[in-house]
Novice: 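Below you will find the structure I want to go over with you.
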Amino acid sequence: MATSLTPIEYLRSFLAIIVFFFMFAISTPVIAILLILSFGKATNFVVENFGPFIAYPVMWTLGINFEVIQHGEPVDRPVIYTINHSSTLDLVTMIALGLPGIRFVAKWELQYNPLFFIVGHLTGQVFIQRKKSKKAVAKLKNTYDRVKRDNLSIMVAPEGSRKHLGIIGPFKKGAFHMAIDLNYPIVPIYFEGNQELSLGGSLLSKSGHIKAHIHPPVDTSEWQKETIDEHIRQLRSMYLKWADVVE
């Protein structure tokens with residue numbers, strides 16, 4: 001995590017916060033109109049295109065170069081995407097990817113922002129209460145019919161929160177239950193540079209280079225809930241390796 005910023009980086013960061021909410025503000029009515037006129041059929045188009053539309057001006061303002069690296073061939077959806085979560089920048093980089101047919105599992109508290117509430121519910125994002133694990137799992141299960149019907153992929157941060165000890169925090173079970181229940185492969189995405197550039201729990205950030213590594217899918221067809229702890233350990237060990245962390 002960055003410990004200090006230059007005066008220029010502070011200025012860039014404050015401007016980026018303004019840009020972020022400005023882009024959300026101008027996008028919200030357009031998104032609403034598109035979804036109303038299309039009777040909701042434009043939802044995938046909105047998520048895939050308005051995410052990058054909002055995110056890239058923010059990163060440009062911050063002085064961040066964002067690079068997406070595909071390891072192996074792109075996968076056919078639907079899948080469960082997992083990301084490492086240690087920075088507020090993750091919110092920007094995850095929507096910047098513009099992945100097809102994607103929905104995000106997000107923390108319940110984001111709904112306290114009216115723009116996030118409106119856009120999130122219009123586009124069918126999944127808000128969960130992270131501290132109430134049983135309710136969170138139940139909420140995820142309630143989405144299964146919609147996810148299967150609409151051939152959707154899900155993106156989730158197994159760490160649950162960016163507030164954790166170490167580079168890679170403990171993994172919660174939600175993403176793994178979904179992979180087993182839906183019989184979807186897991187595609188791990190590793191964000192390199194987010195934590196190093198970020199200053200605390202805001203968009204205050206140093207300028208620099210961020211890479212999103214999209215790794216080959218992990219087959220979950222033989223997974224069982226009785227061995228879910230082992231599956232969690234195996235996937236987390238991949239993230240520890242990519243982060244060059246030894247535990």
Novice: Could you tell me which non-hydrogen atom of R236 sits nearest to which non-hydrogen atom of G169, and how far apart they are?
Specialist: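 For R236 versus G169, the nearest heavy atoms are NE-O, 2.9 Å.
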Novice: Check whether any side-chain heavy atom of E159 sits under 4.5 Å from a side-chain heavy atom of K172, and report yes or no.
Specialist: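 Counting from C-beta outward, E159 and K172 never come under 4.5 Å.
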Novice: Do F24 and F116 have ring centroids that are under 6.0 Å from one another?
Specialist: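 Yes; F24 has its ring centre under 6.0 Å from that of F116.
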Novice: Would the number of heavy atoms belonging to other residues, nucleotides or ligands and lying under 6.0 Å from NZ of K225 be above 12?
Specialist: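 Buried by this count: over 12 neighbours within 6.0 Å.
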Novice: Determine whether V187 and H215 satisfy the following criterion, side-chain contact (heavy atoms from CB on, under 4.5 Å), listing intermediate values before the conclusion.
Specialist: CA-CA 6 Å; V187 175; H215 289 276; 5.8 Å; no
Novice: Once you measure the plane-to-plane angle for F171 and Y239, does it fall in the parallel (<30°), tilted (30-60°) or perpendicular (>60°) bin?
Specialist: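 F171 and Y239: perpendicular rings.
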Novice: Hydrophobic clustering (ILVMFWY, side-chain heavy atoms < 4.5 Å, transitive) - are F50 and F117 grouped together?
Specialist: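 In one cluster: yes.
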Novice: Drop me the distance from N44's CG to D150's CG, to the nearest 0.5 angstrom.
Specialist: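 The CG atom of N44 sits 7.5 Å away from the CG atom of D150.
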Novice: Does I189 reach the side chain of M94, with side-chain heavy atoms less than 4.5 Å apart?
Specialist: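 No; the side chains remain at least 4.5 Å from each other.
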Novice: Please say which of I54, V119, L115 ends up in a side chain to side chain contact (heavy atoms under 4.5 Å, CB included) with S27.
Specialist: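 Per the side chain to side chain contact (heavy atoms under 4.5 Å, CB included) rule, the option paired with S27 is I54, out of I54, V119, L115.
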Novice: If you define the side chain from C-beta out and look only at heavy atoms, does anything of M178 sit under 4.5 Å from T143?
Specialist: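 When only atoms from C-beta onward are counted, T143 and M178 do touch, with a gap below 4.5 Å.
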Novice: Could you state whether Y144 and V126 fall into the same hydrophobic cluster, counting links through intermediate Ile, Leu, Val, Met, Phe, Trp or Tyr residues with side-chain heavy atoms under 4.5 angstrom apart?
Specialist: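 Yes, Y144 connects to V126 through the hydrophobic network.
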Novice: Distance only, no hydrogens: is a donor on one side chain within 3.5 Å (strictly under) of an acceptor on the other, for N194 and T93?
Specialist: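 Yes - a donor-acceptor pair under 3.5 Å links their side chains.
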Novice: Atom CD1 in I232, atom OG1 in T227: separation rounded to 0.5 Å?
Specialist: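 Answer rounded to 0.5 Å: 10.0 Å.
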Novice: Taking the six-membered ring for Trp, are H121 and F127 closer than 6.0 Å centroid to centroid?
Specialist: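 Yes, close enough.
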Novice: Please examine the side chains of S205 and L89, heavy atoms only from C-beta on, and report whether any two atoms are closer than 4.5 Å.
Specialist: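 Contact flag for L89/S205 side chains = yes.
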Novice: If you define the side chain from C-beta out and look only at heavy atoms, does anything of I102 sit under 4.5 Å from L152?
Specialist: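 Not touching, per the 4.5 Å side-chain cut-off.
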Novice: Got a sec: does the CG of N183 have more than 12 other heavy atoms crowding it under 6.0 Å?
Specialist: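 Yes, the 6.0 Å shell around CG holds more than 12 heavy atoms from other groups.
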Novice: Between I186 and W223, is a side-chain contact (heavy atoms from CB on, under 4.5 Å) present by the stated rule, with each step listed?
Specialist: CA-CA 11 Å; I186 287 179; W223 283 13; 3.8 Å; yes
Novice: What pair of heavy atoms forms the shortest contact from L5 to S13, and how long is it?
Specialist: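 The answer is CD1-OG, 4.0 Å.
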Novice: Is the shortest heavy-atom distance from the side chain of V147 to the side chain of I154 under 4.5 Å?
Specialist: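 In short, these two side chains touch, coming nearer than 4.5 Å.
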Novice: Is the backbone N or O of I228 less than 3.5 Å from a side-chain atom of R233, with the two atoms forming a donor-acceptor pair by type?
Specialist: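 No: the side chain of R233 does not pair with the backbone of I228.
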Novice: Shortest non-hydrogen contact from P188 to T82?
Specialist: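 Closest approach of P188 to T82, heavy atoms only: CA-OG1, 3.5 Å.
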Novice: Before giving the answer on side-chain contact (heavy atoms from CB on, under 4.5 Å), spell out for Y81 and V79 the whole-Å C-alpha distance, their side-chain angles and the decisive distance to 0.1 Å.
Specialist: CA-CA 6 Å; Y81 291 101; V79 300; 3.4 Å; yes
Novice: Nearest 0.5 Å, what's the CG-OG1 distance between L203 and T88?
Specialist: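 Answer for the CG-OG1 pair, L203 versus T88, is 6.5 Å.
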Novice: Working to the nearest 0.5 angstrom, can you tell me the gap between M238 CE and N84 CG?
Specialist: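 With rounding to 0.5 Å, CE (M238) is 14.0 Å from CG (N84).
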Novice: Strictly distance-based, threshold 3.5 Å: is any side-chain N or O of E192 a donor or acceptor partner for the main-chain N or O of A212?
Specialist: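 No; zero donor-acceptor contacts below 3.5 Å.
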Novice: Just by distance, do the side chain of Q125 and the backbone of F104 share a donor-acceptor pair under 3.5 Å?
Specialist: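 Present.
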Novice: According to a 4.5 Å side-chain heavy-atom criterion applied to Ile, Leu, Val, Met, Phe, Trp and Tyr, with indirect links allowed, do V58 and V30 form part of one hydrophobic cluster?
Specialist: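 Yes; V30 is reachable from V58 via cluster members.
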Novice: Is the shortest heavy-atom distance from the side chain of V19 to the side chain of R12 under 4.5 Å?
Specialist: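 Heavy-atom side-chain distance check fails, nothing below 4.5 Å.
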Novice: When you group the ILVMFWY residues by side-chain heavy-atom contacts below 4.5 Å and let the links chain together, are L197 and L15 in the same group?
Specialist: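 Each belongs to a different hydrophobic cluster.
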Novice: For L99 and M155, work out which heavy atoms get closest and say how close.
Specialist: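 Closest approach of L99 to M155: CD1-CE, 3.5 Å.
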Novice: How far apart are the closest heavy atoms of S86 and Q195, and which atoms are they?
Specialist: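 Reported closest heavy-atom pair: OG-CB, 3.3 Å.
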Novice: Write down the atom of A179, the atom of T220, and the distance for their closest heavy-atom approach.
Specialist: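 In this case the closest contact between A179 and T220 is O-OG1, 3.8 Å.
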Novice: If you group Ile, Leu, Val, Met, Phe, Trp and Tyr by side-chain heavy-atom gaps below 4.5 Å, do F45 and I31 land in one group?
Specialist: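 Same cluster: F45 reaches I31 through Ile, Leu, Val, Met, Phe, Trp or Tyr contacts under 4.5 Å.
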Novice: Pair S207, E9 - check side-chain contact (heavy atoms from CB on, under 4.5 Å), show working.
Specialist: CA-CA 7 Å; S207 302; E9 286 170 338; 4.0 Å; yes
Novice: Would you mind reporting whether D181 and F176 have side-chain heavy atoms less than 4.5 Å apart?
Specialist: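 No, too far: nothing below the 4.5 Å cut-off.
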Novice: Nearest 0.5 Å please: distance from the CD1 atom of I95 over to the OH atom of Y56.
Specialist: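 The OH atom of Y56 is 10.5 Å from CD1 of I95, to the nearest 0.5 Å.
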Novice: Just how far is it from atom CZ of F21 to atom CG of N113, taken to the nearest 0.5 Å?
Specialist: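 The distance works out to 5.0 Å.
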Novice: So with a 6.0 Å cut-off around CG of L37, is the heavy-atom count from everything else above 12?
Specialist: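 Result for CG/L37: enclosed.
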Novice: Using 30° and 60° as the class boundaries, would you call the ring planes of F191 and F66 parallel, tilted or perpendicular?
Specialist: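 F191 vs F66 ring planes: tilted.
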